[in-house]
Structure formats: structure tokens, C-alpha cells
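In what follows, every heavy atom counts, from backbone to side chain, and hydrogens, waters and symmetry copies are set aside. Counting starts at 1 for both ligands and their atoms, in listed order.
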Amino acid sequence: IIGITASKTDNFSQWYQEVVLKAEMIEYYSEISGFFIMRPATMHIWNTIRKWFQERIEAMGVEETNFPMFLSGKSLEKEKDHIDGFAPELAWVTKAGDKDIEVPIAVRPTSEAAMYPYYSKWIRSHRDLPFRLNQWNSVVRWEAKQTTPFLRAREFLWQEGHTAHLTEQLAGEEVLQILELYAGVYEQLLAVPVVRGRKTEAEKFAGGYYTTTVEGYIPSNGRGIQGATSHCLGQNFSKMFDITVEDPNVKGKHIHVWQNSWGLSTRVIGVMVMIHGDDKGLVLPPRIAKLQSILIPVGLTAKMSAEDKEKHLKHLDEIFFTLKKAGIRTDVDLRDGYTPAWKFNDWELKGVPLRLEFGPKDAAKEVVSYARRDTGEKGTIPIAELTTKVPELLETIQQDMYNKAEAAYREHRLQLTKWEEVVPALDAKNVVIIPHCLVPDCEDRIKELTTGHSDETTPEGQKAPSMGMKSLCIPFEQPEGLVKGETKCLNPECSRLAEQWCMFGRSY
Ligand SMILES: O=C1CCCN[C@@H]1CCCn1cnc2cc(F)c(F)cc2c1=O
Ligand SMILES: [Mg+2]
């Protein structure tokens, strides 16, 4: 097997494509560019995330639905003003067989337009609130930019939640509840730290009222990446689609409901690969790994008698069943014709968190030898202690992977108060938190002022002047030191006062 040939530090984007291919997560769908086949290794991770998230939204009272994947141009018309920006991404069906379809229909890029005419029909009384539906599906957005597996695809899997509430406060509570679940998917399952915050007016979903977000950080190129979003739509869509209830307190008065919509996609898998992977391939957090450990027989030389070999493999089988009984997702690699070294490389490439080796020397000492995939650390575990030590070790690996990524993010999230320090910070692969006026034009100017100062590569690996920095979020956790009415916006050309600390960075 040839392992990964590109180095993560020298050619990050090629490294990434190689890893997702050779670890058998993805296959390029050669018919049409921008589409990817998701293979079992990927689907196991997605299904683990789905089970975790589904269980928790069910506990909140969210019900499941499934809407058709096509939207009529008519319903899209209703949200015309903010759709305009997205129009180039819409895929249309114009023919059935050899006949043109009179009224072309669009493939859903998101389902507001499909769902909300029915929300208007189904939501009549305040007793129908809170009204909460979620669907797991795929959406199509004909991205113009270079696509890449998981991070930017023309079709991706996601969940989209769409809820309706009586008041702004009730909607606001749910926005944050869901955002915290998104943070949990990253931090508890994928061992990826995220910053929670609000998108600026310039970066929010234009059709909404406000957008909250979890923002990731990719150490390899110092870029920020939007992890998942939970929007409060305010009454914007209920006014567009006439979704009203009778005011419980004022007879005959109708109020437009307050809505939220929230989405997390298979992008989360790409973020996990980019943060944890190394030059040997994938490194999987144990909680989402299909295979948490792999048992490999070693030291079975040709001079070993068939009887001894038989006895050894029987002992190995007992170890296998001990681990299975302890709830460990494990397998034994008994493939003939492959050396242990070959097997080690293969399972390292696939990111299995813990390798367990068992040879005659181990048997004599009544131990199993282990090697951690994240740190490479080796050691031995007494066979008698496997059922407690292996689960503990897997949890330690999970926690250590998170702590390592959290430290990298914290060390590269610089709070700055001097403009001249910004570009050097970006060039040193940092994101920055600066005092900002939060005005969209100022953000545009900051993007221009921070573009092209160094010839680093784009995520797609092309040589390009470095992209400018965009706002990533207004962190809920605001640092000290910003004096309202006194601290100025950090943009030297802006004469406004700073409103809040805002995180900026080069981004996906
Ligand atoms: O981001 C989410 C979470 C799940 C439900 N939807 C919201 C807002 C989606 C914003 N968005 C995002 N992308 C889009 C692409 C299009 F081609 C298009 F017609 C519309 C959109 C569009 O509305
Ligand atoms: Mg987009």
C-alpha cells in the first residue's frame, strides 16, 4: 500500500485530498465535478453524529419531517430579495424525458421555500407553538468556487431544523440551545474546539434576523471555518409566508410567529480530518471511530510449530472477545500474506485510534502491547486488565486529542489592539480578535486592507496573494478592555467607535 505522499505541512490541500481518498472515506464522482461518493468510513461518522444529535433534539420535542427535494419557482419568488445573491447556485430541472417542463423547478438548496407555505397552513393557534420540525436530507448548491470533499461540495448531507415560536425570547432560547448541541458535536464527538458567537450583519444569513455560529480553526493554514449555524429568522419569513397565530392575550389580533432555522452538514467531517490527520493519514477520535482498536498478531515466525501458532491465535481470539464484551469496537487482522508492518501502516492510514499487538513474548508476559495513533506512544496492558484499561485509554486519547486542538486554537487566537500587528498575525497562521464597529462597509475595507501581503497558498493549493481577513463571529465570550464610547474601531481608516470585540481571520 502506498501511504500518504503529500506532507501535511508542505502541501496541505493535496495532503487532505489524499487522506480522504486513501483512508477510503470518499471517492470522486467522476461523472460530474463537485460531487463525492461517501463510503462506509464516512457514513459511520455521519450516523454517529446523527444519532447523537437526533436523540437530543427529540428530547427537546423536535419532530421529524421529509419534504420533497424540488421547489417551485413560485415559492422561491416569495423570498426573492435575499435569494438573489444565491441565484447562481440554484440547480434547475427543465425537462422530463424529451419534453420541457413548462414551469422549471429548482433542486432544494435549503428548504425554507418548500416548507413555509405549509407552516402557514399547519400553524393556526398559539397552542400549535412551539412548532418544531427537522429533516435529514441532502441539498444542492452549484458552487462556482473550487469544490473539495466535505468542505465545499455541490451536494452534501445535512440536517435542517425549522421551528416557530410565540415570542422573540422563546425563539432566542432555542437558537442557543441548538448552537450548544452543535458545539457538542464538535467538542464531544469530533474532539474539535469551537468558538461560539454571533455573525456580524455583513456575514449573517441575509434573510434572517441574526445568525449564531460555531467557528473552527485549522492550524495547518491558520484559517477560520464556519462549523454550523443556528439562525433566528425573526418574523421575516412569517411575514413573507403569512404564518400567524391569534394573539393569546388580544382577541382577534394576529401575530406573525418568530422562527428559527438551524443546520449542520457533513462539512464537520472535513474539519475533523484537517485538524487531527497527520502524514500517516487519518487520526480518528475514538468516540466516532468505526473501529476503535485493531488486534494484530505479531512474532508468528515460520519456525513456529503449527500447534503453537494455533494456540496463540486461540489466545488472541479470547482477547478479541474480551474486548468485544467490554463494548470496544474492535477487529482482528488475520490477513495472510501481509507483514505486521504492512498492517500497521494500513490501519494507521485509516486512523484507527489504538493498535493492539499480541505475540509470543506478550503471551509469555500475559500482556498485550499497544500503540496510540494520536501520539504514537507505546506500552503494554496486562491481559487481566484489558476490560478497564482499554476503555480508559480510548477516553484518554479522545480527551488528549481535544486538549491538543484546543491549545492550538487558543494559542492562535490573538487579541490585538494595534492595527500594524494584524497582518503579521495572519501570516503567522493566527485568527485575531479586535475592537470593531461592526459596520459592513468597514469589514469590506478591512478585507481589502489585509489582502495580498504574502504569497501563501489558498486552501486549494494555488499560489495566490493571501486573501484578506473576514469577520468570523462576535464571540459570546467578550474579552475585557473595550471601553464603550472610548475604544475606537481598529481599522485605521474608520473613525467610528468600537462596538464589540470581533474575531476576524482568513477563512474557508
Ligand atoms: O443555514 C441554514 C440552516 C438550515 C436552513 N437554512 C438556513 C439558511 C440557508 C441560507 N442559504 C444558503 N445557501 C443558499 C443557496 C441557494 F442557492 C439558495 F437559493 C438559498 C440559500 C440560502 O437560503
Ligand atoms: Mg454557500
Asker: Taking the six-membered ring for Trp, are the ring centroids of F150 and W158 within less than 6.0 Å of each other?
Answerer: no
Asker: Hey, mind stepping through K22 and T5 against side chain to side chain contact (heavy atoms under 4.5 Å, CB included) and telling me if it holds?
Answerer: CA-CA 11 Å; K22 291 184 178 172; T5 60; 4.2 Å; yes
Asker: Are any side-chain N or O atoms of K290 and backbone N or O atoms of R329, one a donor and one an acceptor, separated by less than 3.5 Å?
Answerer: no
Asker: Can you spot which of K204, K199, R198 makes a side chain to side chain donor-acceptor pair (under 3.5 Å) with E201?
Answerer: K204
Asker: One line per pair, note the atom names and distance for all nitrogen or oxygen contacts under 3.5 Å between ligand 1 and the protein.
Answerer:
| unit_1 | atom_1 | unit_2 | atom_2 | d |
| --- | --- | --- | --- | --- |
| ligand 1 | 1 (O) | H231 | NE2 | 2.9 |
| ligand 1 | 6 (N) | T110 | OG1 | 2.8 |
| ligand 1 | 6 (N) | E112 | OE2 | 2.7 |
| ligand 1 | 13 (N) | R141 | NE | 3.4 |

Asker: For the residue pair A96 and I101, what are the closest heavy atoms and their distance?
Answerer: N-CG1, 3.8 Å
Asker: Using the side chain to side chain donor-acceptor pair (under 3.5 Å) definition, which of the options H162, E160, Q159, E174 pairs with W262?
Answerer: E174
